[in-house]
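Just so we're on the same page: letters track the sequence lines, and every chain starts at 1.
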Amino acid sequence: MELSKAYEPKEFEDKIYRDWEKSGFFNPDNLNLPKNAKPYTIILPPPNITSKLHIGHALTLAIEDLIIRYKRMRGFKTLWVPGTDHAAIATQNVVEKKLWKEEKKTRYNLGREKFLEKVWEFLRETQSAILHQTKKMGASLDWSREAFTLDETRTKAVAKMFVDMYDAGVIYRGERVVNWCPRCHSTLADDEVDYQEQKAKFYTFKYDKNFPISISTTRPETKLGDTAVAVNPKDERYKKYIGKEFLVDFVGVPLKIKIIADWQVDMNFGTGALGVTPAHSIVDWQMARLNNLEIIKVIDEDGKITENFGEYSGKNVLEARELIVEKLKSQGLLEKEEEIDNNLSICYRCGTPIEPLPSKQWFVAVDKKIKKLGNKSLKEKAIEAAEKHAIEFIPERFKKRYLNWMKNMQDWCISRQIWFGHRIPVWYCKQCGEVNVTDKANTEIIILRHGESRSNVEDKLNSDIKNQVNGLTEKGKAQSVAVAEELKSEKIDIIFSSDFKRAQETAKIVAAKLGIKKIIFDKRLREVGVGEFEGKPDAGFSTFRENNFEKWHYDSPHGIESFDSLKTRVFSFLDKVAKKYPGKKILAVGHGDVARVAKGFNTKRGDLEVYKLTYPANAKDVRVKLAPAVCSCDSFNLKQDEDSLDTWFSSGMWTFSTLNKPGDLAKFHPTQMLETGYDIITLWVSRMVMMSFFALAEIPFEKVYLHGMVLDKNGKKMSKSRGNGIDPLDMIEKYGADASRLSLLIGTTPGNDIRFYEGKVESCRNLVNKLWNISRFILMTVEDVNIDTAKINPVHFEDKWILSDFNRLKSDKEKLHSEFGLVSEGVTGKLEHYDFSNAGRSLRTFTRSHFADWYLEFVKNRKDRIKDQVLMYVLKDLLKLWHPFMPFVTEAIWQEMGMKTTLMIAKWPVQDKKLIDEKAEKEFAVIVDVVTKIRNLRAEYKVEPVKKVDIEIKNADKLVESKLVESKDIIMTLGRVGNLRFVTKKPEQAAPAIIGKIEIYMLLAGLVDVEKEKERLEKEKNNLENYIAGLERKLGNAEFVKNAPEKVVDAEKTRLTEAKEKLEKILEQIKDLM
RNA sequence: GGUCGCAUAGCUCAGUUGGUUAGAGCGUUCGAUUCACAUUCGAAAGGCCCCUGGUUCGAGCCCAGGUGCGACCACCA
């Protein structure tokens, strides 16, 4: 069997990923597991659909796939759920910017519906790019459970959550000072506010002559809304005024100012007195609430002074500021005007200075006590979960950040003035103003006109129920079939129909095609009554109505039905459907005028215009969307809230909104692990905890593993704007997915940022190729790839050693102490402790150094069955251990070996303690030392590689002497030795190397360079002397001998003895050279 | 301003409850190609473990103070 010379990722990766998908094992339902198998679930943090994935996402995928593959191999019912996040504001911004750049249009130019279409167009593009990237990384995600925060299922869940929270009193509508951008006309979340350093004029003045305290501000115009002056309660200067009220005349505006005390006031800033403007400062707003102050709005949504401020009203803030300062100057009230540095809050999108404004918004009350949570609030539960270790943070320090933020959290504003996202499920009644909160979906009614009938062809009006002789023509029947085809994709729930024959026949054809059995006939869908025009041509009737609209509106001339009557019955039908079938999609087969009137309902036009609407022939154009609620005043004329929800509201539900397959929630929630970047602890992690407590009264996850940020080589955060962002696809293209993943895993510790540069990927690529070539060699060497590896009886000590060492590598203990070199550390233990980096390092060291460089070199020329067994045993299990790190290459080799099942579900190797053999380890370590020393001697003497050297070994340790003899040939090969003798007497003219009791001499005949050798030995002598002096100092210290553990003291003594022996030999050698 | 983190070889990072002469990968230098692998192998050079003090028989590790860098939160009226 022979593999290609180098591993070519491109030849394998796509095919392997397809095979994995085909196997179905990404889905835990398909894993063949015992009933009691424990679940292990991670929900992938959904990437924003604002852009393609960057290397930071690749890190998330690499870590999570590593954990998931490891757990899967360990027999857990393993689930990893993929998805994407609609990222409301961010996405809307990206599309708005694009729209402006490409078409010079704003969202208002397009209107809500058209704009949203654009957004969806954009997101479908990025979404599929993200999907492709994720698969390329090799992520073993269960695609059958893929979710999107704004798909139908999640949208329903979000609306229901909102309603439930509202019903529980946890969501409320309230007024609060919010960050308002006067240009974007939207509130901004705190994290959407940028700060700009600026020089500002800082004015110090009094409101009027009679007011005793001076205040300072950079924004005199807001002072029109002051209702208090706050001072520090400790401030002796103002103590006497606290609680007093003053009526002042501030630049012509009368104000009532109360003096209040507040600890937040800095006595040393300005005058130590703060003018409180409740409506235009978040801090002041809080003070106002505590002190029951009046709130006066001074600035409106356009950034202009509101009414009732005389000459200032209607001016923008800068104009008003100038005017007020002038006025203060002229009144002699301005005491100081200085320049200070301050931070100006600006909109992160357009840079316009932000106006804090009071505004009606929707909030989640984080302090509201909730009955089903033991009368604790969401905040309390979220704090408790971390403090009582229900949720563990890795690394633990981030718990502090979480708790700190949580404890200071105020009610969470969840409404955003944007179009994209989950529209707030609240309807305001236009009639009585009542607020209706419901998660019921819109009811949608499609009004369909019947197909061509004989009365159409013959041009004889027919609106008499007793005279239903005419049905559909052949053409009409064909039209009905065609319409039914079109309607197939609509998922119609119910069909209504007029009871006129032509409508009945149409409805029956459509119903049969759509597979709907029952048709509900409703008189209200009948054609308008034509009275005396019955049986006559349409033209007369139409002309009459058009000429006599006013009259026909309410009356019934010539016995025809009035417009009002027609409208009333059609609307009554719509009303009934809205009430009785909320959220359904309904087809109503009727007639021309019925469609016309219904269309008017939808467009909310005046009666006359409604009548002039043309009705279409096909089904898709007349649709009525009805609000899902009917107000208690019985009106269904409701208007939905224009705002959308904060994107974290829906992503906060992510751990459970994704588990919507029947039984999933019970099986997989709470999830075991959340793995994400530390930058979204507050934004996301905290929200998930609260949302999960509200919805399910349980934690969303047991552990939170936080990874760092990926930085570029210079330690700068990667981003597109900096131009240092890296597309994982580029790395995969160049080095393969395995190398890309590995480069992100090795050298990465939880919570710490990682620097990424191509060199890392390159060296990982080399390692991947090394594993490939090890396999290539083994598969070429062994006689039978399927050799039984269950029972190995190793005879050679090198076999015993590698089996021993390899089983240490498998260990679930993080580190096994051993005093010998070349001993591996436990990979399983490291993985259990989330120490992925060191797990990878251990594997790398074993693979490269222990297995390839020593064992394989050692046994290269051996030909026997036991060796084959050892090789296959190590290779198979090594592939398993590597699999979570580099799934593709390990699977590729596995398949090349002719394995029938995928490596993905192979059992994780368990340590076989019987194979741990310390004696063999020690013996092999000596051989390694001897060979290394010989190589060192050669290198120091610059012996040409082709030239063989003569070596004599003296006084070999009894224990290992036989092994040295046994390995004579291999030592000679590895050390390029011509003659190897075991002697009892030190040779003349030879360079020594000493390992404990073993002395190795390289004979120098023909290569002697006395000066060089002297120099080398002197250096070593000095080293040893210093070392010995240190040890003697230590051991001569009575305190050390007294206090240190015996083990440590003994070890030092041994070292001293050995060093002295060694020094003695060196000295002898130097003497010889003299 | 508050909180947290980081500082070890030229670079990126390990370094366990304090106990050998502090390690790895990359890079550099020297050398090797009939060998499974030049995506390879052998070897070497390279460290006031940020500074100052303390605890201890003993500190890269623990404590205090400082310096530099970074992050998060708050925000100056």
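When rounded to the nearest whole Å, the span between CZ of Arg976(A) and C1' of C41(B) equals 11 Å. Going from atom CG of Asp1050(A) over to atom C1' of G19(B) covers 13 Å, rounded to whole Å. For Tyr757(A) and C13(B), the OH to P distance is 7 Å, given to the nearest whole Å. The CZ atom of Phe398(A) sits 17 Å away from the P atom of G70(B) (whole-angstrom rounding). Taking atom CZ of residue Arg935(A) and atom P of nucleotide A44(B), one finds them 11 Å apart after rounding to whole Å.
The gap from the P atom of U21(B) to that of U29(B) amounts to 33 Å, rounded to the nearest Å. With both ends at atom P, the span from G65(B) to U3(B) equals 12 Å, rounded to whole Å. Only the P atoms considered, A9(B) is 8 Å distant from C50(B), to the nearest whole Å. Rounded to a whole angstrom, the distance from the P atom of G54(B) to that of C41(B) is 49 Å. Rounded to whole Å, the separation between the P atoms of G47(B) and A22(B) comes to 13 Å. U33(B) and G27(B) are spaced 23 Å apart, taking the C1' atom of each and rounding to whole Å. Taking atom C1' on both G60(B) and U17(B), the two are 16 Å apart, rounded to the nearest angstrom.
Residue Asn408(A) is classed as having no contact, given no heavy-atom separation below 4.0 Å to the nucleic acid. Across all strands shown, Ile340(A) has heavy atoms under 4.0 Å from sugar-phosphate atoms exclusively, and none from any base. Across all strands shown, Arg938(A) has no heavy atoms under 4.0 Å from either base or sugar-phosphate atoms. Backbone-only contact: Lys5(A) has heavy atoms under 4.0 Å from sugar-phosphate atoms and none from a base. Heavy atoms of Arg755(A) sit under 4.0 angstrom from primed sugar atoms or phosphate atoms, though from no base atom. Residue Asp679(A) is classed as having no contact, given no heavy-atom separation below 4.0 Å to the nucleic acid. At a threshold of 4.0 angstrom between heavy atoms, the contacts of Asn838(A) are confined to the sugar-phosphate backbone, with no base atom among them. Residue contacts for Lys770(A): at a heavy-atom cut-off of 4.0 Å it reaches a base atom on one of the strands shown. Arg848(A) comes within 4.0 angstrom of the backbone, heavy atoms only, and of no base. Across all strands, Arg765(A) comes closer than 4.0 Å to base atoms (heavy-atom distances). Among the heavy atoms of the strands, none lies under 4.0 Å from Tyr735(A). At a threshold of 4.0 angstrom between heavy atoms, the contacts of Thr749(A) are confined to the sugar-phosphate backbone, with no base atom among them.
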With sugar-phosphate taken as primed atoms, P, OP1 and OP2 and all else as base, the protein-contact string of nucleotides 54-65 of chain B at under 4.0 Å (heavy atoms; B, S, -) is ---B--------
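Among Val874(A), Leu878(A), Leu871(A), Val785(A), the single residue meeting the side-chain contact (heavy atoms from CB on, under 4.5 Å) criterion with Ile778(A) is Leu871(A). Looking at Tyr402(A), Tyr705(A), Phe398(A), Trp684(A) one by one, the single match for ring pair (Phe, Tyr, Trp, His ring centres under 6.0 Å) with Tyr678(A) turns out to be Phe398(A).
Taken from CD1 in Ile213(A) to OH in Tyr207(A), the straight-line distance is 9.5 Å, to the nearest 0.5 Å.
Each of Ile754(A) and Ile282(A) was matched to the nucleotide of RNA chain B holding its nearest heavy atom; the match closer to the 5' end belongs to Ile754(A). The 5' end of RNA chain B is approached more closely, in terms of each residue's nearest nucleotide, by Ile774(A) than by the other of Ile774(A) and Asn936(A).
Where RNA chain B pairs in unbroken runs of 3 or more (Watson-Crick or G-U, both distances under 3.5 Å), the stems are B:1-7 with B:67-73, B:10-13 with B:23-26, B:28-32 with B:40-44, B:50-54 with B:62-66.
A cation-pi geometry, defined here as NZ or CZ lying under 6.0 Å from the six-membered ring centre and within 45° of its normal, holds between Lys1034(A) and Phe1040(A).
Contact annotation: Asn766(A) does not reach the phosphate of C37(B) (side-chain N/O to OP1 or OP2, under 4.0 Å).
Contact of the Ile934(A) side chain with the Val930(A) side chain is registered, since non-hydrogen atoms from C-beta on lie closer than 4.5 Å. Within the 4.5 Å cutoff, the side chain of Arg219(A) has no heavy atoms near those of the Thr277(A) side chain.
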